[in-house]
Protein chains: 2
Amino acid sequence: MYKFIPMNSFTEENYLKAIYKLTEQTDSEVSTNSIAKKMSTKAATVTDMLKKLSLKKSIHYQKYQGVSLTTSGKKIAVNIIRKHRLWEFFLVKKLNFKWDQVHGIAEELEHIHSNELTEKLDRFLGFPKFDPHGDPIPDGDGKFHNTKSQLLEEAVLNKSYIITGVVDHSSSFLQYLDSAGIVLGKEIKVKERALYDKSLQAQLSGKKVFISNEVAKNILVSKK
Amino acid sequence: MYKFIPMNSFTEENYLKAIYKLTEQTDSEVSTNSIAKKMSTKAATVTDMLKKLSLKKSIHYQKYQGVSLTTSGKKIAVNIIRKHRLWEFFLVKKLNFKWDQVHGIAEELEHIHSNELTEKLDRFLGFPKFDPHGDPIPDGDGKFHNTKSQLLEEAVLNKSYIITGVVDHSSSFLQYLDSAGIVLGKEIKVKERALYDKSLQAQLSGKKVFISNEVAKNILVSKK
DNA sequence: ATAATTTTTTAGACTAATCTAAATTTTTAT
DNA sequence: ATAAAAATTTAGATTAGTCTAAAAAATTAT
């Protein structure tokens, strides 16, 4: 039996992605205002879109009560994230882009609709589990390959960690990490933590490095 | 000095591409109706878009007099075609799509805006000169690597040709060619042409094949 | 508990892309 | 050359996504 599946517009997809990410962060219903901020738009605009997404059964929405994704809305959002991260991997590993250059391009590529394309791309890339920023790439069923990572800020002194990801994805932060030689996969050991500003002295591939708290708060590590 | 370059919408890009292709075919001003047919839309809709494209200086347009592309409009159109064909090449050669599966996906990918992406993709693919259907891929300056090809329909008897392209790009035609073993790059020699229906008996990699005129009209060959 | 503040929704308007129906211009045919 | 036919444009609507301003609901603070 043939069932018509209405295609979501780029805009709808971006709203679902935003709601997904906000839900992840706060782990509860998300507010109209928070969506408006994330989407760089106005609350009134968001309200209109929420009505539409609700009609399409992509979200649970009650006036004034915030929203959450339905199972099908979540599926759509995770698929967008899957595509985004696969394309980022492609751009960095195959086309030699720098990790700070790919976000905007992947924001466009993530809306290409062919599922067959996504699956073939995944295979071509060797079924990568993490994107160039260390974020997990969900598989075709929406499952994430989870690793328990923590902030470098909270690392235990003199214990070895592997740098596995970043919190801040801005170009300027990523470029700073490049200039400081802080690269995903490297081993790091915090030797000292200043009480005053929580800045760190650490050992990074043999060299001593200084890392401010502002930076340490945005680096993810996992136990070696 | 900073100059604001207004981004073209997908729709505008598609109109420019359609006008480019129609101009190529007829080699003269193109009509509102022909654009409407190509875009599967109504003449009234086309008129509105022509006014808009004219304001943006992408086309030359005088009411009732047909349109042609300006230099800048042509540049935009050729760039879309460049991206379309590079992506088709990528899909077939890297992701293992069949040549009859890639058109629709490339129609989406051709609108990804990053020039750096196009150039890096081109390099990654080894600067291909032809797409999987044998159509030339313009270079970054919009120059086409031209080869003088002709229709198989008009091939001289007992002369060797190389199959270089197709006129009809439909899946059904491409699938038919696959099933008949007619593949780009192969050598073909027409042994007989029936006067009644212009069908051909030809030699294709050692085997004898029958090719109807309907098919021969849609195959491009070049002298060996 | 009620007043002040904040958040959210509604109302009304705008732009881009589309449509149908009617009007106009061009082309074709007698 | 003029009438008929075809092509094109205009006029007036529609939908998606957006906005501002005003109204309504929820939250916070006294």
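Model, not experiment: these values are computed from the prediction. Computed over heavy atoms, backbone and side chain alike; hydrogens, waters and symmetry mates excluded. Proteins come first, then strands; the chains are lettered A, B, ... in the order of their sequence lines, and each starts at number 1.
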Tell me the salt bridge (Lys or Arg N to Asp or Glu O under 4.0 Å) pairs involving residues 81-95 of chain A, sequence neighbours left out? A:Arg82-A:Glu119, A:Arg82-A:Asp122, A:Arg85-A:Asp131

Could you tell me whether the side chains of B:Ser9 and B:Glu12 share a donor-acceptor contact shorter than 3.5 Å? yes

Please confirm whether the shortest side-chain N or O distance from A:Tyr61 to OP1 or OP2 of C:dT9 is below 4.0 Å. yes

Nearest whole Å is fine: how far is C:dA16 P from B:Glu13 CD? 16 Å

Closest non-hydrogen atom pair between B:Pro132 and B:Leu184, with its separation: O-CD1, 3.4 Å

Could you state the CG-P distance from A:Asn33 to C:dT6, rounded to the nearest angstrom? 12 Å

Residues in contact with DNA chain C, drawn from residues 40-48 of chain A - heavy-atom cutoff 4.0 Å: A:Ala43, A:Ala44, A:Thr47

Let me know the distance between CG of A:Leu50 and P of D:dA16, rounded to the nearest Å. 16 Å

Derivation and outcome, side-chain contact (heavy atoms from CB on, under 4.5 Å), residues B:Met39 and B:Asn14: CA-CA 8 Å; B:Met39 299 290 295; B:Asn14 284 333; 3.8 Å; yes

Can you measure B:Met39 atom CE to C:dT18 atom C1' for me and round it to whole angstrom units? 12 Å

Have a look at A:Phe10 and say if it touches a base, only the backbone sugar-phosphate, or nothing, with a 4.0 Å heavy-atom cut-off. nothing

Between C1' of D:dT8 and CE of B:Met49, the distance in whole Å: 17 Å

What verdict does the ring-ring contact (aromatic ring centres under 6.0 Å, His included) test give for A:Phe90 and B:Phe90, after you've listed the backbone C-alpha separation in whole Å, the side-chain angles of each residue and the deciding distance to 0.1 Å? CA-CA 12 Å; A:Phe90 169 74; B:Phe90 168 74; 5.1 Å; yes

Side-chain contact check for B:Thr32: nearest option of C:dT18, D:dT9, C:dT10 is D:dT9

Taken to the nearest whole Å, NZ/A:Lys63 to C1'/D:dA26 is 13 Å

I'd like to check the ring pair (Phe, Tyr, Trp, His ring centres under 6.0 Å) partners of A:His133; sequence neighbours left out, ordered by chain and number. A:Trp99, A:His169

Nucleotide nearest B:Tyr64 (side chain, heavy atoms from C-beta), chosen from C:dT25, C:dT9, D:dA26: C:dT25

In this structure, which one of A:Ile219, A:Ile163, A:Leu220 forms a side-chain contact (heavy atoms from CB on, under 4.5 Å) with A:Ser149? A:Leu220

Between CD of B:Glu12 and C1' of C:dT18 the distance, given in whole Å, is 14 Å

Nearest-Å distance for atom pair CD/C1', residues B:Gln65 and D:dT9: 12 Å

